[in-house]
Amino acid sequence: MTWSGLVILISMYFTIPLTTTFITEYDITETEAVWVGSSFSMSYAICCFLYGPLSDRFGRKIFLIIGICILTVVTFIGGFVKSYEILLFIRVLQAMAAAAFVPISLVYTAEVFPSEKRLSAIGMISSGFLIASVVAQVFAITIETHFGWRGNFFFLSFLYLITTFLVFLYLPKEKNDTKQENILKKYLKMKNLLLNPILVGSFIISLMLLFSLIGMYTILGKLLSAEPYNFTDNQILYVRGIGILGTFTSFFASKIAKKVGFHRAFRTSFIIAAVSLFLIGLGGNPMFVIFLSFIFVASISFIVPTNITVINANAETQRGSAVLFNAFILFIGASLGPLLATKLMNIGSTFMTFTVFSVILLIGFFCTLITKKD
């Protein structure tokens with residue numbers, strides 16, 4: 001499941017460093033080139049609503065298999081596309097297929113793993129999601145250098161083909177006791193998610209996670225490339241790569257929670273993340289800034305699986321809808337974070353921008369106070 005989440009989410013991020021390539025290949029503007037990525041993100045978010053009630057009704061594994069099968073075929077076709085408009089269409093289809101696997105996998109994990117291993121499992125899978133955002137960019141640049149940009153589609157389709165067989169052979173069938181419920185009722189019941197204050201608090205937290213993570217990297221890149229640091233593009237990529245190590249806290253989320261206490265660790269992580277952002281804004285020694293960025297990523301990486309665990313525990317029979325709605329919120333945050341970061345950088349200073357993001361994370365800390373003590 002960790003492997004599947006990692007390779008599937010590469011399809012979301014691998015176009016980021018290829019913007020200039022698309023401009024040259026299709027003779028389009030930069031804004032049009034950015035839509036190669038944005039078309040995926042918007043379609044992915046919308047489809048999260050579609051699959052939640054359907055997976056509650058028909059089961060999880062069937063959607064996991066169908067999603068990755070479609071993704072394999074569509075990605076392979078993407079390597080032959082010579083039209084910009086058709087490429088956008090292919091990206092939409094990729095997003096629809098990926099949305100049928102990635103969020104549902106978290107619900108599936110919560111249902112097939114015993115409670116004492118659930119947080120560890122979700123932590124491992126979530127780390128795959130987080131690592132993908134950095135690995136995808138390195139992957140895309142490496143493949144393009146040796147095989148051309150179309151090689152990304154062919155290599156990914158091969159990885160998805162292998163993953164399809166792994167999913168089919170090794171994932172057990174989950175138990176589903178709600179199959180007879182009307183699908184329309186499932187969709188209508190989604191409004192109940194917003195009547196649960198604990199879930200609402202968790203959704204607000206989710207909005208802030210990728211919002212702050214991708215926003216931080218957007219600001220950090222501009223910070224390190226300017227005076228007095230003057231980092232090159234390759235050096236900045238290495239800094240982003242260091243963040244991969246920070247995501248490994250997801251693997252140890254269960255042990256940390258048991259050692260420190262679930263909610264104490266949950267809330268402390270928000271404080272650490274907020275303080276780290278504020279201190280990065282103060283600047284100073286570049287190694288200290290890089291270290292703080294690592295601490296920030298580690299804190300966010302712990303919060304992600306912990307928050308998903310809270311959602312699974314409180315959504316009851318609507319786990320599928322709740323986790324997929326949460327995925328929608330996560331990705332909305334990922335889209336808004338860099339936009340706000342860029343806007344603040346244009347009208348103010350780096351310190352002000354980091355401070356605003358730090359304050360936003362403190363709001364997340366207060367949202368954790370409404371979660372149950374048990």
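By the 6.0 Å contact criterion, CZ on Phe291 is open, its count of non-hydrogen atoms from other residues, nucleotides or ligands being 12 or less. Counting non-hydrogen atoms of neighbouring residues, nucleotides and ligands closer than 6.0 angstrom, the CZ atom of Phe113 reaches no more than 12 such neighbours. Within 6.0 Å of atom CE in Met96, 12 or fewer heavy atoms from other residues, nucleotides or ligands are found, so the atom counts as exposed in its surroundings. With a 6.0 Å radius and a threshold of 12 heavy atoms from other residues, nucleotides or ligands, Asn285 has its CG atom above the threshold. Counting heavy atoms of neighbouring residues, nucleotides and ligands inside a 6.0 Å radius, atom CZ of Phe351 exceeds 12 of them.
You'll find the side chain of Leu159 stays beyond 4.5 Å of the side chain of Ile10, heavy atoms only. At a threshold of 4.5 Å between non-hydrogen side-chain atoms, the residues Ser212 and Ile360 do not count as touching. Residues Leu361 and Phe296 are in side-chain contact: their nearest non-hydrogen atoms beyond the backbone lie under 4.5 Å apart. Ile205 places a side-chain heavy atom less than 4.5 Å from the side chain of Phe266. Looking at Leu6 and Thr2, their side chains never come closer than 4.5 Å, going by heavy atoms from C-beta outward. Leu87 is listed as a side-chain neighbour of Tyr26, based on a closest heavy-atom distance under 4.5 Å. The shortest side-chain heavy-atom distance between Phe139 and Phe155 falls under the 4.5 Å cut-off. Between Thr29 and Ile23 there is no side-chain heavy-atom pair separated by less than 4.5 Å.
The aromatic rings of Phe211 and Phe357 lie parallel to each other, with less than 30° between the two planes, well short of the 60° mark.
Hydrophobic clustering (side-chain heavy atoms under 4.5 Å, transitive across Ile, Leu, Val, Met, Phe, Trp, Tyr) keeps Leu195 apart from Ile204. Linking ILVMFWY residues whenever their side-chain heavy atoms come closer than 4.5 Å, directly or via other members, leaves Leu220 and Val359 in distinct clusters. One hydrophobic cluster holds both Val275 and Phe288 under the rule that ILVMFWY side chains link at heavy-atom gaps under 4.5 Å. Cluster annotation: Ile66 is connected to Met1 through the hydrophobic network of ILVMFWY side chains, with a link wherever side-chain heavy atoms come within less than 4.5 Å. Clustering ILVMFWY residues whenever any of their side-chain heavy atoms sit less than 4.5 angstrom apart, transitively, puts Leu209 in the very cluster that holds Leu369.
Using modelled atom types, no side-chain atom of Ser11 and backbone atom of Val7 make a donor-acceptor pair closer than 3.5 Å. Looking only at distances, a side-chain donor or acceptor of Ser293 sits under 3.5 Å from a matching main-chain atom of Ile290. Side-chain atoms of Arg267 never come within 3.5 Å of backbone atoms of Phe366 as a donor-acceptor pair (strictly under, hydrogens ignored). Using modelled atom types, one side-chain atom of Asn152 and one backbone atom of Trp149 make a donor-acceptor pair closer than 3.5 Å. The backbone N or O of Leu18 sits nowhere less than 3.5 Å from a side-chain atom of Thr15 that would complete a donor-acceptor pair. With hydrogens and angles ignored, the 3.5 Å screen pairs no side-chain donor or acceptor of Ser349 with any backbone N or O of Met345. Looking only at distances, a side-chain donor or acceptor of Arg91 sits under 3.5 Å from a matching main-chain atom of Val36.
Across all their heavy atoms, Val167 and Lys61 have their closest contact at O-CE, 3.8 Å. Closest approach of Phe278 and Ser358 over heavy atoms only: CB-OG, 3.9 Å. The minimum heavy-atom distance between Ser299 and Ser269, with the atom names listed, is CB-O, 3.6 Å. Here the shortest heavy-atom pairing between Cys367 and Gly201 reads CB-O, 3.9 Å. Summarising the geometry of Phe153 relative to Gly79, their closest heavy-atom pair is CB-N, 3.5 Å, with the distance given to 0.1 Å. In this structure, Gly151 and Ile143 approach most closely via the heavy-atom pair C-CG2, 3.5 Å.
Here Thr163 pairs with Trp3 under the side chain to side chain donor-acceptor pair (under 3.5 Å) rule; sequence neighbours left out. Residues passing the side chain to side chain donor-acceptor pair (under 3.5 Å) test with Ser83 are Glu85, sequence neighbours excluded. For Tyr160, the ring pair (Phe, Tyr, Trp, His ring centres under 6.0 Å) criterion is met by no residue, not counting sequence neighbours. Looking at residues two or more places apart in sequence or on another chain, you find no salt bridge (charged side-chain N to carboxylate O under 4.0 Å, His left out) involving Glu32. Shown here are the ring pair (Phe, Tyr, Trp, His ring centres under 6.0 Å) partners of Phe203, two or more places apart in sequence or in another chain: Phe325. Partners of Thr75 under the side chain to side chain donor-acceptor pair (under 3.5 Å) rule, at least two apart in sequence or in another chain, are Gln94. With sequence neighbours left out, Trp35 forms a ring pair (Phe, Tyr, Trp, His ring centres under 6.0 Å) with no residue at all. Applying the side chain to side chain donor-acceptor pair (under 3.5 Å) rule to Thr21 yields the partners Glu144; only residues at least two apart in sequence or on another chain are considered. For Phe270, there are no ring pair (Phe, Tyr, Trp, His ring centres under 6.0 Å) partners at least two apart in sequence or on another chain.
The hydrophobic cluster around Phe165 extends to Leu161, counting ILVMFWY residues whose side-chain heavy atoms fall within less than 4.5 Å of a member. Within the hydrophobic cluster formed by Ile, Leu, Val, Met, Phe, Trp and Tyr side chains joined at under 4.5 Å, directly or through other members, Phe154 is accompanied by Phe76, Phe80.
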Going through the checks in order, is the side-chain contact (heavy atoms from CB on, under 4.5 Å) test met by Leu166 and Ile162?
CA-CA 7 Å; Leu166 294 176; Ile162 294 174; 4.2 Å; yes

Working note: Phe14 + Phe40, criterion ring pair (Phe, Tyr, Trp, His ring centres under 6.0 Å); need CA distance, chi angles, decisive distance, verdict.
CA-CA 11 Å; Phe14 84 93; Phe40 187 107; 8.6 Å; no

After noting the C-alpha distance and the side-chain angles of Arg150 and Glu25, does the key distance pass the side-chain contact (heavy atoms from CB on, under 4.5 Å) rule?
CA-CA 11 Å; Arg150 297 178 187 276; Glu25 177 75 17; 3.1 Å; yes

Please walk me through it: do Thr268 and Val260 pass side-chain contact (heavy atoms from CB on, under 4.5 Å)?
CA-CA 10 Å; Thr268 302; Val260 181; 5.7 Å; no

Worked check of side-chain contact (heavy atoms from CB on, under 4.5 Å) between Phe354 and Leu223:
CA-CA 11 Å; Phe354 275 114; Leu223 173 67; 4.1 Å; yes

Evaluate the ring pair (Phe, Tyr, Trp, His ring centres under 6.0 Å) criterion for residues Tyr84 and Phe22: first the C-alpha distance (whole Å), next the side-chain angles of each, then the deciding distance (0.1 Å), finally the verdict.
CA-CA 9 Å; Tyr84 168 72; Phe22 293 137; 8.5 Å; no

Compile the donor-acceptor pairs under 3.5 Å between side chains in residues 300-308 and protein atoms, sequence neighbours left out, one pair per line.
residue : atom : partner : partner atom : Å
Ser301  : OG   : Val297  : O            : 2.7
Thr306  : OG1  : Phe302  : O            : 2.7
Asn307  : OD1  : Ser202  : OG           : 3.3
Asn307  : ND2  : Ser202  : O            : 3.1
Asn307  : ND2  : Ser206  : OG           : 2.8

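Of the options Leu193, Val200, Ile198, a side chain to side chain contact (heavy atoms under 4.5 Å, CB included) to Asn196 is made by Ile198 and by none of the others.
With rounding to the nearest 0.5 Å, the separation of CD1 in Ile77 from CD1 in Ile86 is 11.0 Å. The CD1 atom of Ile272 sits 7.5 Å away from the CD1 atom of Ile295 when rounded to the nearest 0.5 Å.
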